[in-house]
Structure formats: C-alpha cells, structure tokens
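Notes follow once the structure below has been shown.
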There are 2 protein chains.
Amino acid sequence: MSETRETPELWLHNQICFAVHSTAHAFTAAYKPHLDPLNLTYPQYLVMLLLWEKDDQSVSELGKPLFLDSGTLTPLLKRLQATGYINRTRDPKDERVMRITLTDAGKALKQKAVCIPHNMLETMGMSVEQVMALGTDVRKLGQALRSDAGARS
Amino acid sequence: MSETRETPELWLHNQICFAVHSTAHAFTAAYKPHLDPLNLTYPQYLVMLLLWEKDDQSVSELGKPLFLDSGTLTPLLKRLQATGYINRTRDPKDERVMRITLTDAGKALKQKAVCIPHNMLETMGMSVEQVMALGTDVRKLGQALRSDAGARS
DNA sequence: ATCAATTAAATTGTACACAATTAAATTGAC
DNA sequence: GTCAATTTAATTGTGTACAATTTAATTGAT
C-alpha cells in the first residue's frame, strides 16, 4: 500500500542522524530542570563548563571546542554577562580580542553545578562504563562527519 | 594549577551530552551539501521523510515522531509550501486540522533523495551493522531521557 | 614607514526550537 | 440544544545556530 515499502533506507526511525538529533534535544529538555534554578540554558552551561575548566578565554578560544563562532557566542555571552556570571573586557594587548572572565557569582555557581553530572547519570539509567563507551563511539562518529566535510577541497 | 583537576565530571569533553549535541550539529553540516541542491534544510528533510512514508498527515501527526509542536512546524511547513513541495489545506471534516500533502514536485523529490542515506553512510565511515548498533544505543538513551522527564508527576 | 592582507568580534538575516498564549472548532455533560 | 472543557494550529517572545558581511585592530611585505 505505501510506496515506502521499497525504500526502508528513507524511514525516519531507521536514520541514525535522527536518533542523534532527537536525543540531543532530549538532553536539552532533561537538563532544563537542573539548569533553570541556576538561570542557565544548556548552551550557556557548556560555556560555563569551559570557563570553570580555565578562566579568562577569548571568544574564539571558547568557540573552538564548542564548534561555535562569534555569531552564536557574542549574544550568548552578552546574556551570561547580563545574568552576572561573566565579564567581557577587551584585551589591552590586542584590542580585537574580547576576554571572557568569571565573576564571583560565576565562580560560586560551580559548587551548585557539580551534582548535575551525577543526577543526569541517574536520569540516563546507565552505568558510568556504558556512558563512556557510548560517548567514545558518538565522538568518533562526530569526528568522522567533520573530517569528511573538510575533505572536499 | 587548575581548580578543574578536582572535578573531572565537569570537563566538557567527558560529557556524553556534549558528544551527542555536537555530533547532531556535525550531522546537520554533513547533510548540507546533499540537501542544498534539493532546496531543503535538515529539519525540512525530516518532514519530507515522514511525508514520503505516508502522505496526507496533520501537523500534530508529523510532530509526534519528530518531537516537535506547531510552534516549530507551522513556519517550517509554510517554507516547504513556499518552495512548492507541499500543500496545506484545512480538513473539511474538522476545520481545526491542517492536512499536509505532497505536491507533484514533493513526490518527485523522493527520487533525488534516495541516494542520500548511502552517501551519508560513506561519510560516516562505518558499516551498516555498526550504524544500526550505535543507533539502537542512542535511541535507547533518548527514550530514557524522555521517560524520566515525564516521570516527575 | 606605509598599505595591503589577515585576524577577531560583532552584526545582519534566515531558520529552527520551545514555552506560553490565543483563536477557532469540536465534543460532551447536562 | 447550550455552554464549559478540550483539541488543533497559529502566534508571540526568547534563545540558539550559522552563513555572509562589516568593522576595527594588527601584521607583514616592501
């Protein structure tokens, strides 16, 4: 009856891209109850993770591991500044560079965030070993997708 | 030196959520060269997949498998209509319902899309079996995240 | 020393994504 | 049959993403 029978490769539920895509959105939704009390969105949380690892980074230093450019980061960082978690100041050595530093409130927030990974692990219902193994595979897939994109010279 | 040494659970590159999040974006970018010639964005492609599986669906029928509501779908469907791939008509039986049907151009597009999954498989550099196994695990994770969100009554 | 390339952010425009509200049509209890 | 609840989309407002352009600062070849 359906013309689909002949093209199972086009079934939505067979597509790993959609599995990854929808699971990413499910993560954002699952983080929400944990991040709302901290006044953070999920992408803002990712930036805070980087700043908690290493304070005082430029916009492009933050963007490289996140695969984001200033078009996304500039407005996001302005919101983090408005919330009071970061400072944005021009580097006196090179006025092109915007240096992002944590405020005291931004540093203090880390203590409220440390429990989030543990809580999310419970939500996922997986062991640490399972999560690490799956993470390795997913990262490998992401790297393959990105390296191939760069491969067309 | 870094205060991070004590909190590896907060390292960005340890977070499976970020692995999934960034791989989802890598997918969107990797699809772009395949979808641009078809005048489709990646989310629009997902809607077309559903319509190729089963023509004539309502907005909410399309939204359920995609985990999207009318707030996202209405403008997206208007763009697909503007491109000429779908029709949007009110159901005469129930004027609340918007019925989405493929135009001839929308139906014809399927033939141009059938090769995309195969091409993407090459980009991923994985076997069909590997992709299916990883897809199963990722879908399971997505389901766990969504079911737990609904678990707070 | 000067000026053409380069670099870093910011800006602009398009397109999701989602919460919350609104509007219109339908259903159901009475 | 009437009107309150429900259902379906659409709308509004905020927040990412990303391509393309712009601006300002720096570098480097001459």
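Below, read A as the first sequence line, B as the second, and so on, with proteins coming before strands; counting in each chain starts at 1.
- You'll find the side chain of Leu77(A) reaches within 4.5 Å of the side chain of Val47(A), heavy atoms only.
- Between the CG atom of Leu66(B) and the P atom of dC16(C) there is a distance of 12 Å, rounded to whole Å.
- Across the protein-nucleic acid pair, Lys64(B) atom NZ and dT7(D) atom P stand 12 Å apart, rounded to whole Å.
- No side-chain heavy atom of Thr41(B) sits under 4.5 Å from any side-chain heavy atom of Thr28(B).
- Within the 4.0 angstrom heavy-atom criterion, no nucleotide atom of any strand lies near Leu73(A).
- Rounded to an integer number of Å, the gap from CG of Leu68(A) to C1' of dG15(D) is 13 Å.
- Using a 4.0 Å heavy-atom criterion, one finds that Thr72(A) contacts the bases of the nucleic acid, with or without backbone contacts as well.
- The separation between Phe67(B) atom CZ and dA17(C) atom P is 13 Å, rounded to whole Å.
- Between Gly71(A) and Pro92(A), it is Gly71(A) whose nearest contact on DNA chain D lies nearer the 5' terminus.
- Taking 4.0 angstrom as the limit, Arg88(A) places none of its side-chain polar atoms (N or O) nearer than this to OP1 or OP2 of dA8(C).
- Between Leu40(B) atom CG and dA15(C) atom P there is a gap of 12 Å when expressed in whole angstrom units.
- Residue Thr41(B) places at least one side-chain N or O closer than 4.0 Å to OP1 or OP2 of dC16(C).
- For Lys78(B), the side-chain atoms get nearest to dT11(D) when compared with the rest of dC16(C), dT11(C), dT11(D).
- Under 4.0 angstrom from either OP1 or OP2 of dA17(C) there lies at least one side-chain N or O belonging to His21(A).
- Heavy atoms of Arg90(B) sit under 4.0 angstrom from primed sugar atoms or phosphate atoms, though from no base atom.
- Contact of the Arg99(B) side chain with the Arg90(B) side chain is not registered, since no non-hydrogen atoms from C-beta on lie closer than 4.5 Å.
- Contact annotation: Gln44(A) side-chain N/O to dT16(D) OP1/OP2 distance is under 4.0 Å.
- The interatomic distance linking Asp69(A) (CG) with dT22(D) (P) rounds to 17 Å, in whole Å.
- When side chains are defined from C-beta on, Leu109(A) counts as touching Leu40(A), because their heavy atoms get closer than 4.5 Å.
- Looking only at side-chain heavy atoms (C-beta outward), Ser58(A) and Glu61(A) come within less than 4.5 Å of each other.
- Mapping Glu95(A) and Arg99(B) onto DNA chain D by nearest heavy atom places Arg99(B) closer to the 5' end of the strand.
- Salt-bridge check for Arg96(B) with Asp94(B): passed, with a basic side-chain N closer than 4.0 Å to an acidic carboxylate O.
- Nucleic acid contact for Arg79(B): sugar-phosphate only, since backbone atoms but no base atoms lie under 4.0 Å from a heavy atom of the residue.
- Map Leu77(A) and Asp94(B) each onto its nearest nucleotide of DNA chain C; the residue landing nearer the 5' end is Leu77(A).
- Residue Thr28(B) is classed as having no contact, given no heavy-atom separation below 4.0 Å to the nucleic acid.
- Note: CG (Leu76(A)) to C1' (dC18(D)) measures 14 Å, nearest angstrom.
- Comparing dA9(C), dC16(C), dA17(C) by their closest approach to the side chain of Ser60(A) singles out dA9(C).
- At whole-Å resolution of the value, OH in Tyr31(B) and C1' in dA15(C) are 19 Å apart.
- Looking at Ser70(B), its side chain comes within 3.5 Å of the base of dA10(D) through a donor and an acceptor atom.
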